[in-house]
Amino acid sequence: QQQVKQSPQSLIVQKGGISIINCAYENTAFDYFPWYQQFPGKGPALLIAIRPDVSEKKEGRFTISFNKSAKQFSLHIMDSQPGDSATYFCAARETGAGSYQLTFGKGTKLSVIP
Amino acid sequence: DVKVTQSSRYLVKRTGEKVFLECVQDMDHENMFWYRQDPGLGLRLIYFSYDVKMKEKGDIPEGYSVSREKKERFSLILESASTNQTSMYLCASSSRPGRPFDYGYTFGSGTRLTVV
């Protein structure tokens, strides 16, 4: 059972464009939503995270938008650059239950072309 | 600079061999995880541990076992390697939720295992 659904599986964006990756979840007890960025040959690294008490979080060119009622969250990459080409994973965690696990989406491979 | 270190970047083993993948973290994290990553399937949890000598099965534990004798070290063991275990293996660690500086998972760089 996939608890976090991520789309699209792959994305090609022109340099300077906006990259948008979407995730949807079912478990309303999720209360921590991080995004991870993975470059080829490397492990995923935390990029940005949000808690559901805010609807948006911005760090530089990266923004998470969160819609609690729709149970959806998305990553927006503004002014996309070739160096942003990587695989992106969304994730969610149910902190209150003492769970230590993140539930990951299946990933989106982003290619930013010059 | 805090980190998770996996002992091998690339490994080639023969079918039937017993394989050990080692992971060490220097962040005093309680929780450690082993994932495998395959194209189109994302990150799949094999085993995790939330304390020394404790282990819990993840989503795909068959064919694997783990060992955590010390807090900083978490080993993944392939009892009898098979070709369908050819994959990228990722180790991760985290502190308990709610602790200060709870930044989620820190991943190692991965071990690409090929079983021939």
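Quick caveat, the model's predicted, so the values are computed rather than measured. Chain identifiers are assigned alphabetically (A, B, ...) following the order of the sequence lines, protein sequences preceding nucleic acid strands; residue numbering begins at 1 within each chain. FYI, side chains are in, hydrogens and waters are out, and symmetry mates aren't considered; it's all heavy atoms of this structure.
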Most chain B-contacting option - heavy-atom pairs closer than 4.5 Å, from A/Pro44, A/Gly43, A/Ala45: A/Pro44
Residue pairs involving residues 70-86 of chain A (criterion side-chain hydrogen bond (donor to acceptor under 3.5 Å, both in side chains); sequence neighbours excluded): A/Ser19-A/Ser80, A/Arg61-A/Asp84, A/Ser74-A/His76, A/Asp79-A/Gln81
ring-ring contact (aromatic ring centres under 6.0 Å, His included): pairs with one or both residues in residues 40-67 of chain A, sequence neighbours excluded: A/Phe33-A/Phe66
Proximal component of B/Arg9, with respect to chain A [non-hydrogen, under 4.5 Å]: side chain
Gap separating the [atom1] atom of [X] from the [atom2] atom of [Y], nearest 0.5 angstrom:
X: A/Gln38; Y: B/Leu90; atom1: CD; atom2: CG; answer: 6.0 Å
X: B/Phe107; Y: A/Leu46; atom1: CZ; atom2: CG; answer: 10.0 Å
X: A/Gln101; Y: B/Asn31; atom1: CD; atom2: CG; answer: 9.5 Å
X: B/Tyr105; Y: A/Phe104; atom1: OH; atom2: CZ; answer: 5.5 Å
X: A/Thr103; Y: B/Leu43; atom1: OG1; atom2: CG; answer: 11.5 Å

For chain A, which residues of residues 46-56 of chain B have heavy atoms nearer than 4.5 angstrom: B/Phe48, B/Tyr50
Contacts of residues 108-116 of chain B with chain A (heavy atom under 4.5 Å): B/Gly108, B/Ser109
Connected via hydrophobic side-chain network under 4.5 Å: A/Leu102 and B/Met88: yes
Hydrophobic cluster membership, B/Val66 vs B/Tyr89, 4.5 Å side-chain cutoff: yes
More than 12 heavy atoms from other groups under 6.0 Å of CD1 on B/Ile60: yes
A/Gln9 CD: over 12 foreign heavy atoms closer than 6.0 Å: no
A/Pro34, part contacting chain B, at a heavy-atom distance under 4.5 Å: neither
